[in-house]
Protein chains: 2
Amino acid sequence: MAMGGTRLRLLFLTLQLLLISSAKITLRFPSPAFRPESSSSVSIKSKLYETKYYTQILDHFTFTPQSYQTFQQRYLISYKHWGGAKKNAPIFVYTGNEGDIEWFTQNTGFMFENAPHFKALLVFIEHRFYGKSIPFGGNKDAAYANSSTLGYLSSTQALADYATLIIDLKKNLSAVDSPVVVFGGSYGGMLAAWFRLKYPHVAIGALASSAPILYFDNITSEYSFHSTVGNDFRSESENCYKVIKGSWQLIEDTAEQSGGLDTLRKSFRICKNYISAGALVSWLSTAFIYTAMTDYPTPSNFLNPLPAYPVKQMCKAIDDRKAGNNSNTFEKLYGAANVYYNSTGRATCFNLNDDSDPHGLDEWSWQACTEMILPIGGNNADSIFPPSEWDYAGRAQSCEDAFGVQPRPNWITTEFGGHNIQRVLKRFGSNIIFFNGLRDPWSGGGVLKDISKSLVAIVAKEGAHHVDLRFSTPEDPEWLKHARRREIKIIENWLSQYYHSSSS
Amino acid sequence: MAMGGTRLRLLFLTLQLLLISSAKITLRFPSPAFRPESSSSVSIKSKLYETKYYTQILDHFTFTPQSYQTFQQRYLISYKHWGGAKKNAPIFVYTGNEGDIEWFTQNTGFMFENAPHFKALLVFIEHRFYGKSIPFGGNKDAAYANSSTLGYLSSTQALADYATLIIDLKKNLSAVDSPVVVFGGSYGGMLAAWFRLKYPHVAIGALASSAPILYFDNITSEYSFHSTVGNDFRSESENCYKVIKGSWQLIEDTAEQSGGLDTLRKSFRICKNYISAGALVSWLSTAFIYTAMTDYPTPSNFLNPLPAYPVKQMCKAIDDRKAGNNSNTFEKLYGAANVYYNSTGRATCFNLNDDSDPHGLDEWSWQACTEMILPIGGNNADSIFPPSEWDYAGRAQSCEDAFGVQPRPNWITTEFGGHNIQRVLKRFGSNIIFFNGLRDPWSGGGVLKDISKSLVAIVAKEGAHHVDLRFSTPEDPEWLKHARRREIKIIENWLSQYYHSSSS
């Protein structure tokens, strides 16, 4: 069967491989994956949550007639382990990110596994414009039509949605004194951290996992993301790094030869419908980047099923085969790509034109064209990708072309800060955990140092993208167990402090 | 000459005198007044500031085509005492409230008088939709036309305006490391406090003077405002309180008698164009309420020129005349009203129909119909006004009638909090001074107790509405000097802490 449905399309960041092709690869924020064969004691097959809808207002910040329109916002709720309103038992809320909330919910094992211990109510709120939480009558065609409707898709509106929904839910449950802790990974982690900073009266604390809140303006080097990808592969072997680094020119050169595209098609088992050097480069880059991001210590299923330590597996595929001529190099790369694209071994060919989006992540492209301007995409000389610079003008132009919209590149730092965060928050704010795994390419934009006693950085050298939020497995390494134990301890402290100050 | 231009019209809060008439009085937030004959050493007649305009975005929180419209936002700036960007000298910003920024600027003597000591740059930013900061082409007719345009007048947009303008100004001055302290009184004080809470990366601290941030939802008793008015008069004499309290029924009864309105017209020197019992009650109530609010220890000019301790002067007018029949009572009340309406003694009659608005405060009525729902207007049995209840339904209906808009009564506490503020902010946030004078009817909605070491309440038992921000005079009492000295000390501490953490 032809495969390709799991290849990620243009989304989150633009990686321009200028020396090789004009193809652009934009990556989406990856999020924890559904693990149907989870080895955890918590089964996610059973009815773990109920689906509810909340009548949400379209625009919190203006009072035009349009702003009063409402839409149905989906949230999932699990009362199973809740200690109840009378005991002011806590409420754990996942601040949904850019996709179907069921997918995030089913993959945030950390909340399910700790609900019994905390006697917590679990709530997972879907982000507006994703999944089933579609304004303008629930009609995606209408909601995604153009900037007049998409304009209401923004992080600040989403945060206000969460505040409004949580406050109303607590009233309806007669649980106004139940403390709320918010959780999120990736963009959802950014939202969780910002939610605690902007709505301290709604959430007593936040676990923000792999949240690159410092990847805006020029706070973090544009090279950081791809440097980390390169370092991940280089840490496995120098040869692995060199083969990948050398491959781009080789592909380009081959493509330009007569019959070259055919050679490439055969080498990489590309389906007959479409091939170009740029598309192939994009397909391979995607595999390397997402594998680096989800370089988990146990088998996982992010967007594609992956073995434990998949970067190591890729490099093994590259290193195990003997060095030699170009087609040998392609065989090595094909072996590496197979780790990401073909874990079942059942693919007969790969479709470079596949555009399916099983998790409903597509509207991130709107967010990446308005406020989510993360300057990622430059490559320094050490990168496994060809050297390049972050191209803001290119992003702006493609946004103009796609949506007729101009980005507001400084808005996120205007609204949420980021510059000099250590100084700004040293004596302001409290109760946020910033988790980052240093093998995660996003980690360069994360908070990696404690800001104060209660604005805490947990850094796992061996960790990848929000690995802490995943379901536990018996094979989890000690460093991961340790990070989760610390998170639980800290949340326990927030809660006991809250109960203490309530009773006094 | 006929007087009346200084009578305040329906604005901020609805005071229903149910037993007497159906007249509604809505009050605006009062603000410090222009004192042309200030005895301060700082002359405000000279060119103390330059007028500038900033191209501001219409809607910070959405990305519709409409949101990208811009308008010219006015700000006033004084470099006179600034230590300069190279020294990271501080920037003091006034977060403008609901009126012409020149009026606030010329009356915030505290900032002018302390600029030399702090070597501070002074910036006064006008609130959108007021003064000369009018969206939709600067055209008030267009901007105030209906809810499609007025909808962009909101506190959250105003705060984002301030953040955007300040960040840009600092960049242009190469002063990104200059610390910003925000100041504001009344609604401007609410904005200053909220600005520090929401934009800690832009302002290192806030002086929020007479900011009733707790006068939302049911946090503060609806009776608090008018109770304080009554207590202010009662503190002068029991007779004064009783005469005012008894006057409403007397006016109503007189008006119903044949020739009664004529009696009232003569007693109160009302011009011949218009009189009704309701309008007269409104005219008198306004005088009592605003005199209580601006019961300053020195002569002042809020909206009307007033002597020092004007409540005492009013009660003197009431107490000095012998008790007797009804017309005697009216003479007493007229004497009291004269303190507020006729300090020059030159009025020949008072126009109950005067609708002029010299300070451009009118659009507060829109804010009071959307988010600024302060439940004020109820009177308990002890009030000098007849007993009544806060009437939310009445407010909502009048907003529907006036603008076709529905209030969002819970929005302010959703966005900014307020409930359990002591618990919520005990370990969150820092560097806010909440000043309140207890003779100010708004003080019941203020923060009157320290929340933490750096969220500090300064309470002046003898103080009225943001008296601390006014120009100093040689006659200022010791308690007022003391409050200002404390504020200066605290701001000095914020700054030295900032410089210390910058250099380390």
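Heavy-atom basis, side chains included; hydrogens, waters and symmetry copies ignored. Chain letters run A, B, ... following the sequence lines, proteins first and then strands; every chain starts at 1.
In terms of heavy atoms, P200(A) sits closest to L425(B) at CG-CD2, 4.5 Å.
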Table up the donor-acceptor pairs between chain A and chain B that sit under 3.5 Å, atom names plus distance.
unit_1  : atom_1 : unit_2  : atom_2 : d
D59(A)  : O      : R408(B) : NH1    : 3.1
H60(A)  : O      : R408(B) : NH1    : 3.4
F61(A)  : O      : S154(B) : OG     : 2.9
T62(A)  : O      : R408(B) : NH1    : 3.1
T62(A)  : O      : R408(B) : NH2    : 3.3
F63(A)  : N      : G151(B) : O      : 2.8
S67(A)  : OG     : R408(B) : NH2    : 2.9
Y68(A)  : OH     : Q406(B) : O      : 2.4
G151(A) : O      : F63(B)  : N      : 2.8
S154(A) : OG     : F61(B)  : O      : 2.9
K198(A) : O      : K198(B) : NZ     : 2.7
K198(A) : NZ     : K198(B) : O      : 2.6
Y199(A) : OH     : E415(B) : OE1    : 2.6
H201(A) : NE2    : T414(B) : O      : 2.8
H201(A) : NE2    : G417(B) : N      : 3.3
Q406(A) : O      : Y68(B)  : OH     : 2.4
R408(A) : NH1    : D59(B)  : O      : 3.1
R408(A) : NH1    : H60(B)  : O      : 3.4
R408(A) : NH1    : T62(B)  : O      : 3.0
R408(A) : NH2    : T62(B)  : O      : 3.2
R408(A) : NH2    : S67(B)  : OG     : 2.9
T414(A) : O      : H201(B) : NE2    : 2.8
E415(A) : OE1    : Y199(B) : OH     : 2.6
G417(A) : N      : H201(B) : NE2    : 3.2
R423(A) : NH1    : S502(B) : OG     : 3.2
R423(A) : NH2    : Y498(B) : OH     : 3.0
R427(A) : O      : S430(B) : OG     : 2.4
S430(A) : OG     : R427(B) : O      : 2.5
Y498(A) : OH     : R423(B) : NH2    : 3.0
S502(A) : OG     : R423(B) : NH1    : 3.2

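Each of P65(A), G404(A), A163(A) has some count of heavy-atom pairs under 4.5 Å with chain B, and the biggest count is that of P65(A).
Contact annotation for I57(B): only side-chain heavy atoms (C-beta onward) come within less than 4.5 Å of a heavy atom of chain A.
For A85(A), the side-chain contact (heavy atoms from CB on, under 4.5 Å) partners at least two apart in sequence or on another chain are W82(A), A175(A). Annotation: ring pair (Phe, Tyr, Trp, His ring centres under 6.0 Å) contacts of F428(B) (sequence neighbours excluded): F428(A).
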